[in-house]
**Student:** 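One structure is given below, represented as structure tokens, and several questions about it will come after.
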Amino acid sequence: MAKSPLSHHLRVLRAAGLTWTREEGTRCFVRLRRDDIDSRYPELLDAVLAAAGQEDIGGDVGLAVPAGSDSP
């Protein structure tokens, strides 16, 4: 996704209270507020993630792993 629409979507999610954003230097880290999303929209994220898995979408997105950690 291009930067402009991505910035717009992230701004909308942040304004809706669905994400946390932390800036560190020139990087911006975004995290979903899973508990808030689940309380507002029960089962939504589970359904989206299940559908993404069936469609093989998002396989290139990984989890941040602390240096020296063996866990994914």
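The shown structure was predicted, so the numbers you read here are calculated from the model rather than taken from an experiment.
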**Student:** Test: salt bridge (Lys or Arg N to Asp or Glu O under 4.0 Å). Region: residues 44-53. Which pairs qualify, not counting sequence neighbours?
**Tutor:** Arg34-Asp46
**Student:** Using side-chain hydrogen bond (donor to acceptor under 3.5 Å, both in side chains) as the criterion, list what pairs up with Arg33, not counting sequence neighbours.
**Tutor:** Asp36
**Student:** Same cluster or not: are Val30 and Leu6 linked, directly or through other Ile, Leu, Val, Met, Phe, Trp or Tyr residues, by side-chain heavy atoms under 4.5 angstrom apart?
**Tutor:** yes
**Student:** With sequence neighbours excluded, what pairs up with Val48 under the side-chain contact (heavy atoms from CB on, under 4.5 Å) test?
**Tutor:** Leu44
**Student:** To the closest 0.5 Å, what do you measure between CG (Leu32) and CD1 (Ile37)?
**Tutor:** 4.5 Å
**Student:** Check side-chain hydrogen bond (donor to acceptor under 3.5 Å, both in side chains) between Glu24 and all other residues, then give those that pass, not counting sequence neighbours.
**Tutor:**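 side-chain hydrogen bond (donor to acceptor under 3.5 Å, both in side chains) list for Glu24, sorted by chain: Arg22.
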**Student:** Measuring from atom CG of Asp38 to atom CD of Glu43, what distance do you get when rounded to the nearest 0.5 angstrom?
**Tutor:**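 Atom-to-atom, Asp38:CG and Glu43:CD are 7.5 Å apart.
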**Student:** Can you give me the closest heavy-atom contact between Cys28 and Glu23, atom names plus distance?
**Tutor:** SG-CG, 4.2 Å
**Student:** By the salt bridge (Lys or Arg N to Asp or Glu O under 4.0 Å) test, which pairs, at least two apart or in different chains, include something from residues 4-16?
**Tutor:** none
**Student:** Please enumerate all residues that pass salt bridge (Lys or Arg N to Asp or Glu O under 4.0 Å) together with Glu55, with sequence neighbours excluded.
**Tutor:**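 By the salt bridge (Lys or Arg N to Asp or Glu O under 4.0 Å) rule, Glu55 matches no residue at all.
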**Student:** Would you give the length of the straight line joining atom CG of Leu13 to atom CG of Leu18, rounded to the nearest 0.5 angstrom?
**Tutor:**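 Going from CG on Leu13 over to CG on Leu18, the span is 6.0 Å.
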